[in-house]
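Note: hydrogens, waters and symmetry copies are ignored here, and every other heavy atom, side chains too, is used.
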Amino acid sequence: MTKQQLIYENVQAVKERIQNAAKKAGRNPEDIHLVAATKMNDAECVKAAIKAGIKIAGENRVQELVEKYEQKAYDGAELHFIGSLQTNKVKFLVGKVSLIQSVDSEKLAGVIAKYAQKNKISQDILLEVNIAKEASKGGIYPEVLPQIIENLCNIDGLRIRGLMAIPPISHFTGENLYHFDKMRQLFIDISQKKYDNVSIDFLSMGMSGDFEDAISCGSNMVRVGTAIFGARPYMIK
Ligand SMILES: *Cc1c(COP(=O)(O)O)cnc(C)c1O
């Protein structure tokens, strides 16, 4: 099987898993957005995924994104940024990505707003929540989230569209249900508050190893890499 065929088969398998998980949870599979996490996979792989039906690509590193962008890797799909983002790199993203999923501080949001204003656009963002309060990870702690949304909601150039979370690496099915469920609760709480200019549409959580569990807890955006492209070089031991 060629790499292209393999990616095609994998995309269909992931879609089927999403459908089954949605049905099991009594949800409409169409409500769940599949983001292909494309890090460390080259333009040819990304193109193959889009040809196989991927509608959103999610990239982690700015430099890698810019390179593949110039190679037209993402043509035919939406592009999201899902990795940790330094303020000095924001200028390379605004205008290229439809959603920045990994906004983990007010300061970063402010810089994004500045560049969006400069470009006369409104940048959609998700706020990244550090749901397990892991010291090694970025992300906003749940208890300060409402205040941060309050502070950001009226800034020109920004539109908050929801929440994103990367819980601890899970080793077995069900391990992250506790964190996913806390995210669901947070998502509901935030949705019920009526902030100006905020439209809480997306709950982005779930990766190759645990997206079924995430879907059972209300995720409507899953970010899947390994199950589509295979293991990344550093994962092969
Ligand atoms: C790599 C990555 C994913 C996908 O992880 P897999 O386990 O390969 O599916 C999802 N989200 C983020 C932020 C990532 O960096």
Worksheet entry | Salt bridge flag under 4.0 Å for residues K55 and E78 | no

Practice prompt. Report yes or no: do Q101 and S204 form a side-chain donor-acceptor pair below 3.5 Å?
Written response: yes

Worksheet item: Do Q123 and Y115 have side-chain N/O donor and acceptor atoms under 3.5 Å apart?
Response: no

Discussion item. Could you check whether any side-chain N or O of K182 sits under 3.5 Å from a backbone N or O of Y178, counting only pairs where one atom can act as donor and the other as acceptor?
Written reply: no

Discussion item. Going by side chain to side chain donor-acceptor pair (under 3.5 Å), name the residues that satisfy it together with R17, two or more places apart in sequence or in a different chain.
Written reply: E212

Practice prompt. Check whether the side chains of Q71 and E67 place a donor and an acceptor atom closer than 3.5 Å, and report yes or no.
Written response: no

Item to complete: Inspect the contact between D181 and R184 and indicate whether a charged nitrogen and a carboxylate oxygen are less than 4.0 angstrom apart.
Response: yes

Practice prompt. Answer yes or no: is there a side-chain heavy-atom contact under 4.5 Å between K3 and E44?
Written response: no

Worksheet entry | Validation row: L177, S216 side chains within 4.5 angstrom (heavy atoms) | yes

Practice prompt. Return the set of residues passing salt bridge (charged side-chain N to carboxylate O under 4.0 Å, His left out) with D201 (not counting sequence neighbours), or none when no residue passes.
Written response: R161

Item to complete: Give a yes or no answer on whether the side chain of N41 reaches the backbone of K39 with a donor-acceptor pair at less than 3.5 Å.
Response: yes

Worksheet item: When rounded to the nearest 0.5 angstrom, what distance separates OH in Y8 from NZ in K51?
Response: 10.5 Å

Worksheet entry | K133 with E143: basic N within carboxylate O range, under 4.0 Å | yes

Worksheet item: Can N130 and E134 be counted as having a side-chain donor-acceptor contact under 3.5 angstrom?
Response: no

Worksheet item: Got a donor-acceptor contact below 3.5 angstrom from the R27 side chain to the S219 backbone?
Response: yes

Which atom pairs, one a donor and one an acceptor, fall under 3.5 Å between side chains of residues 83-90 and the rest of the protein, sequence neighbours left out?
| from | atom 1 | to | atom 2 | distance (Å) |
| --- | --- | --- | --- | --- |
| Q86 | OE1 | K89 | NZ | 3.3 |

Discussion item. I'd like to know if the side chain of D213 and the backbone of G174 have a donor-acceptor N/O pair within less than 3.5 Å.
Written reply: yes

Worksheet item: Side chain of N119, backbone of A116: donor and acceptor closer than 3.5 Å?
Response: no

Fill in: pair H171-E175: side-chain heavy atoms closer than 4.5 Å
yes

Discussion item. How long is the straight-line distance from CD of Q117 back to CD1 of I112, given to the nearest 0.5 Å?
Written reply: 12.0 Å

Discussion item. By the definition side-chain contact (heavy atoms from CB on, under 4.5 Å), identify the one residue from H80, K96, E59 that meets it with Y74.
Written reply: E59

Worksheet item: Would a distance-only check, ignoring hydrogens and angles, find a side-chain to backbone donor-acceptor pair under 3.5 Å from K137 to P167?
Response: yes

